[in-house]
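Beneath this line is the structure, given in structure tokens, with notes to follow.
Each ligand, and each atom within it, is numbered from 1 in the order the structure gives.
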Amino acid sequence: MKFGGTSVADPDAINRLIGIVRQQQAKTGSAPVVVVSALAKVTDALVAIAQLAEDGASDRAAAEVQALIERHLAVATAVTSTSRAKLLEEVTREFDELNGLVHALAVLREVSPRSRDAVHAVGEVVSSRIVAAAFADHGIPSGWIDARTVLVTDAEHNAAAPDMMETCDRARQRVAPLLAEGKVVVLGGFIGSTASGVTSTLGRGGSDYSAAIFGSCLDVDEIQIWTDVDGMLTADPRIVPQPRLVPQLSFAEASELAYFGAKVLHPSTILPAVAKNIPVRILNSRRPENTGTLITAEARHADGRLTALACKRDVTVIDITSTRMLMAHGFLRRLFEVFERFKTAVDVVTTSEVSVSVTVDDTRRLEAILDNLHNFAEASCEREMAIICAVGENLRADPTLFGRAVTSLERIPLRLVSQAGSRRNVTFVLRDADVPHAMMRLHETFF
Ligand code: ASP
Ligand code: MG
């Protein structure tokens, strides 16, 4: 059970978390592993603190650390009674260490990736200690394990990759025995350490990844990501007024949707779970009675249904035309090399015999890209466009879905249309101004 920052933000949230874990335990008859993020916004604050240290702003950094200490001590005090004294001492000690570290970094005005990780990791170290103590205080047998002693990573600080073999060995040695004794094991997400024991982090948002790693190592039945939304929705509620909850989707569908800012979680972070066929469920810690969204390696949907819609506003279409492309090899390579040179990601691609159209989101290097394309082709661009993507495994089996999607957009000019070989999504590129209308039409048709 992974609880994100908003699900441990304050004493109320932590009390809700305890209730949720208690219920889960009653339901399954076994103790779960609990992975927690830092309290909401704490990692942002730690990032800022590391930056202040790098700028040599020692006093401001110390003031920010002080604010974090006060917040954590207040939360720790509110959620404990018998274990309070010990917890306050531990939390104070962690922050004393942070203070010393930040002071040293500010003197040197140098923050290496490794030091940055040491600063960023504090949020999860203290949040996990607080939650573990709160369990104990509520009479729930529990054990805190420093996640850095279990999750072993490479030395790519700030975006470290797990060493699954070593991590799984340690998880089986250290975590599993406590679970077997019926103890809820609490670990911080996001943090680990290198083989030589130096603190590392998996990158921002990495707690989901930690949960998937631990879940995969321990072969759990299900991984639950507890957050502050009900799950994945059939469309962005800012565009479609009453979207529905997506009850279930496949990992591949979740990946298609992720690019479009369906940011409930980043699918690559749950890969270790999906690879082992462990279902991942997204749940709302404010409405624990809901069933949420289940992500599985494969998913079956009711006939005639799509899974969800997504869109990306304000993209630019670039049209590249050249008669040289006709029956020539190497043309696409040359073309895409230009985008590579200017480090610009291409999203949708459609081709005809003599032209290629692509969309880009990042237009900072657009002029240079067009200049370079002009060396071997005609190229022009059109701004204020948007991408709409209709996702559903059913698109593979049911050819009428594509037709219904296009028909529902009958009067809306479509600029590009693309369906990849996986046939899991249909993508339309159209004028940004047409997005609300087009999304409503598609949503009415399929949901
Ligand atoms: N606390 C970390 C972050 O904010 C990791 C996480 O919450 O997943 O990026
Ligand atoms: Mg998060």
T43 neighbourhood, listing ligand 1 atoms whose heavy-atom distance to it stays under 4.0 Å: 1 (N), 2 (C), 3 (C), 4 (O)
Proximal ligand 1 atoms for E124, defined as those under 4.0 Å from one of its heavy atoms: 1 (N), 2 (C), 5 (C)
Ligand 1 contact by H120, heavy-atom criterion under 4.0 angstrom: no
Using distance only, find each side-chain donor-acceptor pair of residues 93-107 under 3.5 Å and give its atom names and separation, not counting sequence neighbours.
unit_1 : atom_1 : unit_2 : atom_2 : d
E94    : OE2    : R129   : NE     : 3.2
E94    : OE2    : R129   : NH2    : 3.3

D208 and K2 ion-paired at < 4.0 Å: yes
Any G205 heavy atom less than 4.0 Å from ligand 1: yes
R204 atom CZ: more than 12 heavy-atom contacts under 6.0 Å: yes
Test of proximity, S37 against ligand 1: N or O pairs below 3.5 Å: yes
Ion pair E393/R424, N-O distance below 4.0 Å: yes
Anything under 3.5 Å between a donor and an acceptor, one on a side chain of residues 155-165, the other on a protein residue two or more places apart or in another chain? List them.
unit_1 : atom_1 : unit_2 : atom_2 : d
H157   : ND1    : D117   : OD2    : 3.0
H157   : ND1    : T199   : O      : 3.4
N158   : ND2    : P113   : O      : 3.1
N158   : ND2    : D117   : OD1    : 2.8
D163   : OD1    : M165   : N      : 3.3
D163   : OD1    : E166   : N      : 3.1

Contact (N/O only, under 3.5 Å) between R204 and ligand 1: yes
Contact with ligand 1 for G206, non-hydrogen, under 4.0 angstrom: yes
Pair E298-S250, side-chain donor/acceptor within less than 3.5 Å: no
